Amino acid sequence: MTKPELPTQYTPADVETRSYEQWVADGRFHADSGSDKAPYTIVLPPPNVTGSLHVGHALDHSIQDALTRRARMRGFETLWLPGMDHAGIATQNVVERELAKEGLSRHDLGRERFVERVWQWKAESGGKILGQMKRLGDGVDWDRERFTMDEGLSRAVQTIFKRLFDDGLIYRAERIINWCPRCLTALSDIEVEHSEDEGELVSIRYGDGDASIVVATTRAETMLGDTAVAVHPGDERYAHLVGTEVELPLTGRRIPVVADEHVDPEFGTGAVKVTPAHDPNDFEIGRRHDLPSLTVMDERGVVTAHGPFEGLDRFEARPAVVAALREQGRIVAEKRPYLHSVGHCSRCKTVVEPRLSLQWFVSVGPLAKAAGDAVRDGRTVIHPPELAKRYFDWVDDMHDWCISRQLWWGHRIPVWYGPAGEVVCVGPDEEPPAGYTQDPDVLDTWFSSGLWPISTLGWPEDTEALRKFYPTTVLVTGYDILFFWVVRMMMFGLYAMDGQPPFRTVALHGMVRDQFGKKMSKSFGNVVDPLDWIERFGADATRFTLLRGANPGSDVAISEEWAAGSRNFCNKIWNATRFALLNGATVAAPLPPPAELTATDRWILARLNEVITEVDGYFEDFEFAKVSDALYHFAWDEVCDWYVELAKVQIARGGEEADRTRLVLGHVFDALLRLLHPLTPFVTEELWRALTGEDSITVAAWPGADPAYADPAATAEILALQDLITEVRRFRSDQGLKPGQRVAARLVGMESSPVSAHEEAARSLLRLDAPSGAFSPTATLTVQGVTVEIDTAGAIDVAAERKRLEKDLAAARKELAQATGKLANAQFMSKAPEDVVVKTRARESQARADIERIEAQLAALPAT
RNA sequence: GGGCGAUUAGCUCAGCGGUAGAGCACUCGCCUUACAAGCGAGGGGUCACUGGUUCGAACCCAGUAUCGCCCA
C-alpha cells in the first residue's frame with residue numbers, strides 16, 4: 001500500500017499554512033470572468049483598513065467561505081471578492097495619534113503631506129486583517145483585492161457623485177447635523193450611538209410675574225442661544241402669553257412665546273425653550289416661526305459668547321449657567337440624576353453636539369424608494385424574512401444623508417467654487433475652470449463602500465467582470481449593518497445599474513456572544529480572539545464552532561469548551577478516515593450495485609443519500625447550524641459508531657465482501673469529506689488527498705444524491721440491529737460486565753428475526769462468544785424477536801435487573817394507557833387523520849407486546 | 001414613547017398541532033488493535049404564567065410577567 005502514514009492525532013498547524021499556500025499558488029480561488037460556467041458571486045463586506053480579525057468577522061467569513069467553496073464544487077464560476085474600506089475617521093484618528101507622539105498635528109504637516117503619511121501608514125501597518133483571513137482559510141480571489149481609495153474605486157465615487165449631482169439628488173444646505181467636537185467633523189445619523197445616560201433636568205423660569213413661563217431642559221447651557229419659548233397652540237395655560245415676549249435670563253434679551261403643534265403639552269410644564277442653532281427639533285420650530293438661529297458654541301463645544309461663560313467647555317458651562325440662574329432665583333426644580341438618551345460619536349464616544357452648519361446631502365427619496373421596491377417585488381430577497389420588516393422601516397422613513405466630512409482622509413468632494421460663488425461639479429475626466437477652488441471636505445466612507453459591489457467589478461467601465469458577476473448572488477453580513485451599509489449599496493447599485501439590484505439575496509447572521517449569551521466586550525473580559533482559537537484548536541474547529549451555532553438571523557453563543565468539541569470532531573474524522581485507509585478503503589473502482597451489497601452497506605449508502613439531500617436543503621436556506629449538525633451526527637453517530645464497527649466484521653470475513661466493503665468505505669468517506677469541506681476545509685483536504693490520491697478537494701465535485709441507493713428495508717433492518725445491540729449492551733452495563741469482557745451467549749430465534757443476517761456482527765459488537773460445552777445461562781432477555789441467553793460469568797445482579805425491568809414496564813404501561821385512551825375516544829377516532837390513528841394503534845400493540853415480554857422476564861427472575 | 005424578538009434539561013440552542021431533542025456539562029464502567037481530543041451505559045424538563053381554540057397545544061390565539069435588541 002502506498003498510502004501515507006497518518007499520525008493518530010490531527011495537528012492543524014502541520015497542514016493549514018501549507019494547504020492554504022498551495023491553494024493560492026494553484027489558483028483555486030481565482031474566478032475567470034471569461035468562463036462559460038454560471039456565476040456565483042459574493043463580495044466580502046470590506047473590513048476597515050485599521051481593523052483586525054475579530055470573532056464577528058470569523059463568523060461572517062466562515063459563512064461566505066462555506067457558500068463559495070460549495071458553489072465552486074458544484075461547478076459555478078465562483079468569485080469571492082476581498083478588499084478593505086479606507087475608514088475615514090478611524091484611519092485619520094490612528095495616524096493623528098501617531099503624529100501626536102511626535103508632537104505634531106495634521107495641520108503641522110498640511111493636507112498633502114498628511115494624506116501621504118496616511119498612505120505610508122496603510123502600506124506599513126494597514127490591512128493586517130488580510131493576512132489573518134488566510135489563517136481562517138478564506139478562499140477569496142486575491143487577484144481581485146480592492147481598496148476603496150484605489151484609483152478605479154475613486155473614479156467610481158466621482159462618477160456617481162457627478163451623476164447624482166446632475167440629477168439634483170445631491171445638494172448643499174445649512175442644517176443641524178450631528179457634530180463630533182473631538183473628531184471635528186459632521187456625522188451621519190447612523191454614526192451616532194444612543195445610550196441612556198445620567199444627566200440633569202432643570203426647570204427654569206423665564207420672564208417675571210404674570211409674564212413668566214417655566215421651561216425644563218437637560219442642556220441648560222444652550223439657553224444662551226434661545227430665541228423663543230414654544231407651547232402647544234391648544235394649551236390654555238399659556239394662551240395669554242402666545243405672541244408676547246419674555247425676558248431671557250442672563251442675557252437681557254427678550255424672546256417671543258410661539259405656539260407650535262409639535263410641542264407636547266404633557267411633557268414637563270408644556271413649555272419648551274427653543275435653541276434653533278443647537279437642537280434639531282428647535283431648528284424645525286425656528287424654521288416654522290422664522291426665528292433667528294444663534295450659535296453660542298464653537299466647533300469644539302466651547303461657549304463663544306456671553307461674558308462669564310465665554311471660553312467654557314459645554315460641560316463646564318452647564319453647571320456655571322445653572323449656578324448663575326440659581327443665584328437669580330430662577331431655578332424652579334432640579335432633577336438629578338435624570339436618565340435620558342444621549343448621542344455619542346460611534347468612533348470616539350464623545351457626546352455628539354447638534355450643530356448648525358453647511359454640509360452636502362444626498363436626497364434619498366427616490367433612491368430609498370427604489371431600494372425598498374427591489375425587496376418588495378422580490379428582485380432582492382432578505383433572509384431570514386422576518387428581518388425584511390426592519391429594512392422597510394428604515395428605507396421607508398429615511399432622512400437625507402449627510403455625506404460631507406471635515407476630514408482629510410477620503411474622497412474629496414468633486415465640487416469647485418468660482419470667485420463669484422459659482423458652483424461646479426467636476427466629473428472624472430473633467431478639469432475645473434481656472435481660478436476655482438475645490439471644496440475642502442471629503443465624503444463619508446459609506447459613500448464609497450456603498451458602491452462596493454459595482455466599483456470592485458470595474459464600474460463605471462462596462463467590464464467583462466461586471467457583466468459576468470453582477471448582480472452578486474448573495475451578500476452575507478450581520479443584521480446590525482442592514483441599514484448602515486446594505487441599504488446604501490442597494491440605493492447606489494439600483495441607481496447605477498439601471499434597476500439591477502446588487503444582490504439576489506441578502507443573508508443576515510447575528511452577533512457572536514459568549515457562552516452565557518452575553519455580548520463580548522473588552523471591559524467584561526469575555527472577548528474571544530479567533531486567532532488564539534485557530535492556534536489552539538485549529539481553523540477548522542474555530543469555523544465549525546461558529547457555523548454550528550449559526551441559525552439564520554440570530555446570535556451565536558460560543559465557548560472554549562465548544563471549540564474543543566469541534567476540535568474533537570475534526571480529530572474524529574481524522575481517525576475514522578485513518579481507519580478506513582488502514583483497512584484499504586478505496587475509490588479506485590466504481591461502487592457495486594445495491595444488489596451485490598450487504599444490508600449494512602446499503603443502509604449507510606441510503607443514509608448518505610438522505611444526508612446529502614438534507615444538507616443541500618439546509619445550505620439553500622442558510623441554515624448553517626443544521627448543515628453542521630446533520631453532518632456531525634451522520635459522521636459520528638452513524639458512520640463512526642455503527643458503520644465502521646460493522647464494516648470491521650465484513651472486512652474480517654475477507655473475500656469479495658471485504659473488497660466491496662472497502663469500496664463502500666472509500667465511497668462514504670469520499671462523500672463525507674466533500675460534504676464537510678466547505679465547513680472544515682483543511683482537515684478534509686488533507687484526508688481527501690490521502691484517500692483519493694488526487695490534487696485537491698477544492699475542485700472535487702459536490703456529492704449528489706443517487707436514488708438508486710435509497711433503501712428503507714435495509715434501514716429498518718439496521719435500526720433493528722442497533723436496537724438489539726443497544727439493549728444487550730445496556731443489560732451488560734447494568735450487570736456490571738466490563739465492555740471488553742467476553743461472555744458466552746446463545747442467540748435464540750435469530751433466524752426468524754429481522755436481524756437474521758447479523759449474528760456475527762451482533763456477537764462481535766457485543767463481545768459474545770459461542771456457548772461452549774458447559775454452557776449455563778444465568779440471564780435471558782428478548783429484543784427484536786431474539787432471545788439472548790447469557791452466561792454472565794458470575795452472580796447476576798437481580799436487584800439491578802428488576803429495577804431496570806420495572807422502569808421499562810412502567811414506561812410501557814404509561815404508553816399503553818395513553819394509546820388506549822386515545823383509541824377509546826370517539827372524537828379522536830372520528831376527527832384525527834387516518835395516519836395518526838394507524839400510528840396510535842401500532843403504539844398500542846407495541847406497548848402490549850413490550851408489557852408481556854417484560855412481565856415474562858420479571859417472572860423469570862430468581863427471587864431475591 | 002414606538003416596534004421587533006425571546007422565554008424548552010445546569011449552560012447554549014433546535015423543535016412550531018399528533019410518543020419532549022442536540023451539543024457541552026453531569027453520573028457509572030472501560031486504555032475493547034481508527035481515535036482517552038476516545039468507547040459503552042445512564043440520570044436530568046409540570047416546554048415563563050393565565051385563559052382560550054382543538055379529538056389533541058411546547059407549537060395556534062389573547063392577556064400577563066421577565067429579558068434582549070432596534071428606532072425615537
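Atom set for the values below is all heavy atoms of this structure, side chains included, hydrogens, waters and symmetry mates excluded. Every value quoted in this text rests on a predicted model; they were computed, and no experiment measured them. Proteins get letters first, then strands, A, B, ... in listed order; numbering begins at 1 in each.
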K.L.:
For A:Lys349, does the NZ atom sit with more than 12 other heavy atoms under 6.0 Å from it, leaving out its own atoms?
P.N.:
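Yes, enclosed.
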K.L.:
Mind checking if A:Ser559 touches a base, just sugar-phosphate, or nothing, with heavy atoms under 4.0 Å?
P.N.:
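Counting heavy atoms under 4.0 Å across all strands, no contact is made by A:Ser559.
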K.L.:
Give none if B:G44 has no partner; otherwise give the nucleotide forming a Watson-Crick or G-U wobble pair with it, both distances under 3.5 Å.
P.N.:
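Check on B:G44: unpaired, no WC or wobble geometry under 3.5 Å.
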K.L.:
Could you go step by step and tell me if A:Gln735 and A:Asp797 meet the side-chain hydrogen bond (donor to acceptor under 3.5 Å, both in side chains) rule?
P.N.:
CA-CA 6 Å; A:Gln735 290 302 316; A:Asp797 185 345; 5.7 Å; no
K.L.:
Please measure how far the C1' atom in B:U46 lies from the corresponding atom in B:A57, and state the result in whole Å.
P.N.:
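The answer is 14 Å between these two C1' atoms.
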K.L.:
Measuring from the side chain of A:Pro833 (C-beta onward, heavy atoms only), which nucleotide among B:G18, B:U12, B:C70 has the closest atom?
P.N.:
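Nearest nucleotide to the side chain: B:G18.
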K.L.:
Which nucleotide in the set B:C55, B:A34, B:C69 lies at the smallest distance from any side-chain heavy atom of A:Cys640?
P.N.:
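Selected nucleotide (nearest to the side chain): B:A34.
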K.L.:
Should B:A58 form a Watson-Crick or G-U wobble pair with both distances under 3.5 Å, which nucleotide is its partner?
P.N.:
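Base partner found: none.
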K.L.:
Base, sugar-phosphate, or nothing for A:Lys738, non-hydrogen atoms under 4.0 angstrom?
P.N.:
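Sugar-phosphate, backbone atoms only, no base.
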K.L.:
A:Met511 has an atom CE; how far is it from atom C1' of B:C13, in whole Å?
P.N.:
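About 18 Å, once rounded to whole Å.
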K.L.:
Want to settle it: does A:Arg804 or A:Arg548 sit nearer the 5' end of RNA chain B, counting the closest nucleotide to each?
P.N.:
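By nearest-heavy-atom nucleotide position, the 5'-most residue is A:Arg548.
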K.L.:
Which nucleotide in the list B:U12, B:A34, B:G23 gets nearest to the side chain of A:His633?
P.N.:
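Output: B:G23.
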K.L.:
Could you grab the distance from atom CG of A:Asn551 to atom CZ of A:Phe624, nearest 0.5 Å is fine?
P.N.:
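Rounded to the nearest 0.5 Å, the CG-CZ separation comes out at 11.0 Å.
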K.L.:
Rounded to whole Å, how long is the line connecting atom CG of A:Leu765 with atom P of B:U33?
P.N.:
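Rounding to the nearest Å, CG of A:Leu765 and P of B:U33 are 14 Å apart.
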K.L.:
Within this structure, what is the CG-CD1 distance for the pair A:Leu59 and A:Ile558, rounded to the nearest 0.5 Å?
P.N.:
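These two atoms lie 9.0 Å from each other.
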K.L.:
Is A:Tyr10 touching bases, backbone alone, or none of the nucleic acid, heavy atoms closer than 4.0 Å?
P.N.:
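Base contact - A:Tyr10 has a heavy atom under 4.0 Å of at least one base atom.
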K.L.:
Report which part of the nucleic acid A:Glu815 touches: base, sugar-phosphate, or nothing (heavy-atom distance under 4.0 Å, all strands).
P.N.:
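Counting heavy atoms under 4.0 Å across all strands, the contact made by A:Glu815 includes a base.
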K.L.:
Starting from C1' on B:A22, measure out to OH on A:Tyr632 and report it in whole angstrom.
P.N.:
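That distance rounds to 9 Å.
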K.L.:
Which value, in whole Å, describes the distance between the C1' atoms of nucleotides B:U66 and B:U8?
P.N.:
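The answer is 16 Å between these two C1' atoms.
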K.L.:
Please determine, for B:U53, whether a Watson-Crick or G-U wobble partner exists with both distances under 3.5 Å, and give it or none.
P.N.:
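Its partner is none (no Watson-Crick or G-U wobble pair with both distances under 3.5 Å).
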K.L.:
With rounding to whole Å, what would you report as the distance between B:C49 and B:A41 at their P atoms?
P.N.:
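Roughly 34 Å separates the two P atoms.
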K.L.:
As a test of reading the structure: which of B:A37, B:U32, B:C55 is closest to the side chain of A:Arg767, going by heavy atoms?
P.N.:
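Of the candidates, B:U32 comes closest.
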K.L.:
Partner lookup for B:A34, please. Criteria are Watson-Crick or G-U wobble with both distances under 3.5 angstrom; report none if nothing qualifies.
P.N.:
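By the stated definition (distances under 3.5 Å), nothing pairs with B:A34.
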K.L.:
Less than 4.0 Å between a side-chain N and a carboxylate O, is that true for A:Arg763 and A:Glu759?
P.N.:
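Result for this pair is yes, salt bridge flagged.
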K.L.:
Please give the nucleotide sitting opposite B:U19 as a Watson-Crick or G-U wobble pair, both distances under 3.5 Å, or none.
P.N.:
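Paired with no nucleotide.
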K.L.:
A:Arg729 near the nucleic acid: base, sugar-phosphate alone, or nothing, with a heavy-atom cut-off under 4.0 Å?
P.N.:
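Sugar-phosphate: the residue A:Arg729, judged by heavy atoms under 4.0 Å, touches backbone atoms but no base.
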K.L.:
Of the nucleotides B:G23, B:A34, B:A41, which one has an atom closest to the side chain of A:Arg730?
P.N.:
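Within the option list, the nearest is B:A41.
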K.L.:
Nearest to the side chain of A:Phe828 - B:U32, B:C55, B:C35?
P.N.:
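The answer is B:C55.
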K.L.:
Remember a base hit wins even if backbone is also touched, and classify A:Arg732 as base, sugar-phosphate or nothing at under 4.0 Å, heavy atoms.
P.N.:
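No contact at all - A:Arg732 keeps every heavy atom at 4.0 Å or more from the nucleic acid.
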K.L.:
What contact category does A:Asp397 fall into here, base, sugar-phosphate, or nothing, at under 4.0 angstrom with non-hydrogen atoms?
P.N.:
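Since no nucleic acid heavy atom lies under 4.0 Å of A:Asp397, the category is nothing.
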K.L.:
Rounded at 0.5 Å granularity, tell me how far NE2 in A:His667 sits from CG in A:Leu663.
P.N.:
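A:His667 atom NE2 to A:Leu663 atom CG measures 10.0 Å (nearest 0.5 Å).
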K.L.:
If we call it a pair only when both distances are under 3.5 Å in a Watson-Crick or G-U wobble match, what pairs with B:G5?
P.N.:
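By the stated definition (distances under 3.5 Å), B:C67 pairs with B:G5.
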K.L.:
Round to the nearest Å and state the distance from A:Leu766 atom CG to B:G29 atom P.
P.N.:
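For the pair A:Leu766 CG and B:G29 P, the rounded distance is 21 Å.
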K.L.:
Do A:Arg376 and A:Asp396 sit within salt-bridge range, that is, some charged N less than 4.0 Å from a carboxylate O?
P.N.:
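Yes, this pair counts.
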K.L.:
Could you tell me whether A:Glu561 contacts a base, only the sugar-phosphate backbone, or nothing, with contacts defined as non-hydrogen atoms closer than 4.0 Å?
P.N.:
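Sugar-phosphate, backbone atoms only, no base.
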K.L.:
Atom CG of A:Asn178 and atom C1' of B:A72: how far apart are they, to the nearest Å?
P.N.:
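A:Asn178 atom CG is separated from B:A72 atom C1' by 13 Å.
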K.L.:
Between B:C4 and B:G23, how far is it from one C1' atom to the other, in whole Å?
P.N.:
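Roughly 29 Å separates the two C1' atoms.
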K.L.:
For B:A22, does either OP1 or OP2 sit under 4.0 Å from a side-chain N or O belonging to A:Lys626?
P.N.:
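So the side-chain polar atoms of A:Lys626 never come under 4.0 Å of the phosphate oxygens OP1 or OP2 of B:A22.
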K.L.:
Return the 5'-most residue of the pair A:Asn825, A:Arg513 with respect to RNA chain B, ranking by each residue's nearest nucleotide.
P.N.:
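The answer here is A:Asn825.
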K.L.:
Tell me: CG of A:Leu6 to P of B:A37, nearest whole Å?
P.N.:
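About 19 Å, once rounded to whole Å.
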K.L.:
From CG of A:Asp629 over to C1' of B:G21, roughly how many Å is that when rounded to an integer?
P.N.:
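The answer, rounded to whole Å, is 10 Å.
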K.L.:
If only atom types and distance count, is the side chain of A:Arg742 paired as donor or acceptor with the main-chain N or O of A:Leu766 below 3.5 Å?
P.N.:
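Answer holds: no.
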K.L.:
So what does A:Lys518 hit on the nucleic acid, given a heavy-atom distance under 4.0 Å: a base, only sugar-phosphate, or nothing?
P.N.:
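Contact class for A:Lys518: none.
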K.L.:
Using a heavy-atom cut-off of 4.0 Å across all strands, would you classify A:Val644 as base, sugar-phosphate, or nothing?
P.N.:
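A:Val644: base contact, heavy atoms under 4.0 Å.
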K.L.:
Compare the minimum distances between each of B:U12, B:A41, B:C39 and the side chain of A:Asp734, then state the nucleotide with the smallest one.
P.N.:
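The nucleotide sitting nearest to the side chain is B:A41.
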K.L.:
Check every strand shown and say whether A:Asn551 touches a base, only sugar-phosphate, or nothing at a heavy-atom separation below 4.0 Å.
P.N.:
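Contact class for A:Asn551: sugar-phosphate only.
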K.L.:
Please report the C-alpha distance between A:Trp179 and A:Val352 in whole Å, then the side-chain angles of each, then the deciding distance to 0.1 Å, and finally whether the side chain to side chain contact (heavy atoms under 4.5 Å, CB included) criterion is met.
P.N.:
CA-CA 6 Å; A:Trp179 179 267; A:Val352 161; 5.6 Å; no
K.L.:
Output the single nucleotide from B:U12, B:G3, B:C55 whose closest atom is nearest the side chain of A:Lys389.
P.N.:
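Looking only at side-chain atoms, A:Lys389 lies closest to B:G3.
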K.L.:
Out of B:G18, B:U12, B:C35, which nucleotide sits closest to the side chain of A:Asn575?
P.N.:
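Among the listed nucleotides, the one closest to the side chain of A:Asn575 is B:C35.
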K.L.:
Side chain of A:Asn568: nearest nucleotide among B:A37, B:U32, B:A22?
P.N.:
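Among B:A37, B:U32, B:A22, the one nearest the side chain of A:Asn568 is B:A37.
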K.L.:
Just checking A:Glu645: base, sugar-phosphate only, or nothing, at a heavy-atom cut-off of under 4.0 Å?
P.N.:
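Contact class for A:Glu645: base.
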K.L.:
Within the structure, does a side-chain N or O atom of A:Lys519 lie under 4.0 Å from either OP1 or OP2 of B:G68?
P.N.:
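So the side-chain polar atoms of A:Lys519 never come under 4.0 Å of the phosphate oxygens OP1 or OP2 of B:G68.
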K.L.:
Looking at every strand, decide which applies to A:Ser554 at a 4.0 Å heavy-atom threshold: base, sugar-phosphate, or nothing.
P.N.:
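Touches sugar-phosphate only.
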K.L.:
When both hydrogen-bonding distances must be under 3.5 Å and the geometry is Watson-Crick or G-U wobble, what is B:C39 paired with, if anything?
P.N.:
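WC or wobble partner is B:G29.
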K.L.:
Starting at CG of A:Asp641 and ending at P of B:A41, how long is that distance when rounded to a whole Å?
P.N.:
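Taking atom P of B:A41 as the reference, CG of A:Asp641 is at 8 Å.
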K.L.:
Base, sugar-phosphate, or nothing for A:Lys839, non-hydrogen atoms under 4.0 angstrom?
P.N.:
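Contact class for A:Lys839: none.
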K.L.:
Between A:Tyr10 and A:Asn575, do the side chains contain an N or O donor and an N or O acceptor separated by less than 3.5 Å?
P.N.:
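Side chains of A:Tyr10 and A:Asn575: no pair found under 3.5 Å.
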K.L.:
Are OP1 or OP2 of B:A37 and a side-chain N or O of A:Trp636 less than 4.0 angstrom apart?
P.N.:
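Answer no for this pair, as no side-chain N or O of A:Trp636 is under 4.0 Å from OP1 or OP2.
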K.L.:
Hey, does the side chain of A:Lys648 come within less than 4.0 Å of B:U33's phosphate (OP1/OP2), counting only N and O?
P.N.:
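The answer is no; no side-chain N or O of A:Lys648 sits under 4.0 Å from OP1 or OP2.
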K.L.:
Could you measure between the two P atoms, the one in B:G18 and the one in B:A25, and give it in whole Å?
P.N.:
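Result for the P pair: 32 Å, nearest Å.
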